[in-house]
Amino acid sequence: MAEWWQQGRDLPPTPRQARLPVYSTWYSMHQEITEEAVELQARLSKRLGCETIIVDDGWQTADRARGYAFCGDWEPNKEAFPDIASHVRRVQSDGMAYMLWYALPFVGKHNAAFERFDGRFLRYLDHMDAAVLDPRHPEVRAFLVGRLAQAVELWGMDGLKIDFVDRFATPGGDPAPADGADCAEVDEGVRRLLHDLDARLRRTRPQVLIEHRQPYTSPGLWPYANMVRATDCPLSPQENRQRTIDLRLTAGPVAVHSDMILWHPDEPAEQVAVHLINALFSVPQLSVDLAAQRPDQLAAVGFWLGVFRRHLDALQLGVLEPAQPEHGYPLVRAYDGETTIIARYAPLAVDVPGTGEVLVANADPDPRVVLYGEGEARAEVFDCGGSLVRADRLRFDAGACLVEVPMGGLLKLRRD
């Protein structure tokens with residue numbers, strides 16, 4: 001179906017940068033963000049294999065109440081970001097791309113834009129202390145395009161995380177447009193808004209990075225985003241797996257990203273690896289305080305981000321074959337012309353192809369991995385941190401053999 005949706009459409013190519021690991025500030029910092037904190041996490045995540053940092057909610061306000069009353073004017077909080085352009089350059093000098101979060105539809109009651117656009121709202125959200133702007137008005141679209149574009153044009157951002165696009169939709173249908181609207185349907189207003197924003201951003205940065213989120217993955221939005229992230233599922237590796245695989249099957253040309261991966265500080269390194277393996281067939285986003293992690297946890301992160309990076313073509317651009325969707329995809333494989341990568345999330349047997357390199361990631365507590373195949377193969381088993389556990393030869397004399405792969409570990413098979 002996704003291939004059919006793409007037929008005859010001239011879609012912009014997805015930049016390679018959109019498929020590389022990401023660090024996000026959301027779960028690790030929430031709104032408690034500063035230049036210094038962002039720069040520290042950018043440096044630490046770069047060492048582990050991340051290539052982009054996304055600064056989320058909090059950059060635009062000193063308020064920490066977690067509402068949206070201070071969204072809409074989209075100017076930096078001077079206490080936390082006294083010179084955001086210089087700050088962005090420092091992060092980029094370490095080799096990291098920089099993206100900034102925007103809640104596109106919202107204008108909070110404590111913003112100058114709230115009074116300016118009074119009468120051009122779709123509705124007011126009491127629980128958010130914010131209104132939803134009506135994109136059917138050209139002056140609303142022009143304002144939003146200008147506000148978002150300054151991040152790229154003036155501050156030097158590499159891209160934007162554009163959040164809550166689905167909130168333009170009004171339960172019960174579109175209200176009648178106020179005077180001055182130039183289209184009748186909100187959908188058309190949103191399309192014009194995203195089209196105008198895309199055209200404006202690409203004039204400055206042709207390879208601009210744009211992230212959307214799972215509730216709004218319609219093919220109608222494919223021309224305006226090259227990253228789509230799984231809906232929030234913090235601390236749930238299983239849900240992250242299901243959401244990212246669902247997205248891989250339906251997201252067309254857009255790079256699929258995991259929800260931000262985090263874990264409790266006391267979790268063992270093996271469980272950290274399990275979190276990462278559950279996002280193996282997507283672009284992993286991390287969101288923990290990397291300065292507070294133990295060496296074994298950091299080793300697991302570095303090892304598995306290395307696997308993501310080395311085998312990016314097979315994992316993200318190869319053939320994807322998820323098994324048993326009715327059980328949440330307990331076994332998933334992807335392959336290109338050279339490498340097959342299989343992730344095992346339940347105690348299931350694994351069919352081994354007869355050619356090429358084969359990697360088997362074990363996210364199940366049971367280390368006993370049954371392999372079905374033919375002939376012989378050289379085998380290496382690594383623990384969750386990438387240390388070699390053993391190396392030997394496997395013979396599939398009876399059509400099957402048993403190999404012990406620790407939870408969070410990796411088995412590599414190579415044919416002679």
Side-chain angles (χ1 to χ4, degrees), residues 25-26 29-35 38 54-88 98-157 159-170 175 177-183 186 189-190 192-201 204 210:
T25 64
W26 180 233
M29 302 184 196
H30 287 291
Q31 292 181 317
E32 301 289 341
I33 53 178
T34 63
E35 287 185 355
V38 169
I54 299 177
V55 171
D56 213 290
D57 188 3
W59 67 270
Q60 80 290 355
T61 177
D63 179 74
R64 298 295 182 252
R66 291 286 301 276
Y68 296 89
F70 295 90
C71 291
D73 289 342
W74 300 118
E75 294 291 346
N77 165 26
K78 291 297 185 180
E79 295 179 17
F81 297 91
D83 185 349
I84 195 166
S86 296
H87 158 65
V88 171
Y98 200 124
M99 296 175 64
L100 197 61
W101 170 89
Y102 288 85
L104 184 63
F106 299 152
V107 57
K109 65 181 183 181
H110 297 312
N111 286 252
F114 188 86
E115 183 175 350
R116 173 180 174 180
F117 291 109
D118 189 21
R120 282 160 287 183
F121 300 153
L122 290 170
R123 62 192 182 282
Y124 185 78
L125 305 173
D126 290 323
H127 64 294
M128 290 186 171
D129 289 329
V132 177
L133 289 165
D134 189 342
R136 294 174 292 185
H137 292 269
E139 64 270 29
V140 169
R141 297 196 300 271
F143 171 78
L144 289 173
V145 169
R147 291 288 88 189
L148 272 65
Q150 71 175 351
V152 173
E153 296 171 352
L154 300 181
W155 306 335
M157 300 290 174
L160 308 177
K161 173 180 177 176
I162 300 179
D163 212 351
F164 295 109
V165 175
D166 53 320
R167 297 300 182 92
F168 280 118
T170 300
D179 291 342
D182 62 357
C183 53
V186 172
V190 172
R192 294 185 186 188
L193 169 61
L194 295 176
H195 175 273
D196 294 348
L197 177 62
D198 181 73
R200 172 87 173 259
L201 295 175
T204 301
I210 299 293

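The model shown is predicted, which means the values in this text are computed figures rather than measured ones.
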Do the side chains of [Y] and [X] get nearer than 4.5 Å, heavy atoms only?
X	Y	value
Thr25	Asp56	yes
Pro105	Val165	no
Leu144	Asp196	no
Thr170	Pro175	yes
Val145	Leu201	no
Val55	Met99	no
Tyr68	Asp57	yes
Phe106	Val132	yes

Donor-acceptor under 3.5 Å ([X] side chain, [Y] main chain):
X	Y	answer
Asp73	Glu75	no
Arg141	Gly189	no
Asp134	Arg136	yes
Glu35	Asp83	yes
Thr204	Val152	no

Note: Asp182-Arg192 ion pair, threshold 4.0 Å (strictly below)
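Looking at Arg192 together with Asp182, the answer is yes, because their closest N to O distance falls below 4.0 Å.
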
Between the side chains of Asp129 and Lys109, is the shortest nitrogen-to-carboxylate-oxygen separation below 4.0 Å, so that they form an ion pair?
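Asp129 and Lys109: salt-bridged.
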
Assess the side chains of Trp101 and Asp163: does a donor N or O sit below 3.5 Å from an acceptor N or O?
yes

So which atom in [X] and which in [Y] form the shortest heavy-atom distance, rounded to 0.1 Å?
X	Y	result
Leu122	Phe168	CD1-O, 3.4 Å
Arg123	Ala169	NH2-O, 3.1 Å
Arg116	Arg120	O-NH2, 2.7 Å
Gly72	Ala113	O-CB, 4.2 Å
Pro135	Leu193	CB-CD2, 4.5 Å

Below 6.0 angstrom between ring centroids: does that apply to Trp74 and Tyr102?
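Between Trp74 and Tyr102, the centre distance is under 6.0 Å.
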
Measuring centre to centre across the rings, with the benzene-like ring taken for any Trp, is Phe117 within less than 6.0 Å of His137?
no

What distance do [X] atom [atom1] and [Y] atom [atom2] have between them, rounded to the nearest 0.5 Å?
X	Y	atom1	atom2	value
His195	Arg200	NE2	CZ	14.0 Å
Ile54	Lys161	CD1	NZ	6.0 Å
Ile33	Gln60	CD1	CD	7.5 Å
Leu133	Leu104	CG	CG	8.5 Å
Trp59	Met29	CH2	CE	16.0 Å
His127	Leu125	NE2	CG	5.5 Å

Ring-plane angle category for Phe114 and Phe121, please: parallel below 30°, perpendicular beyond 60°, tilted otherwise.
tilted

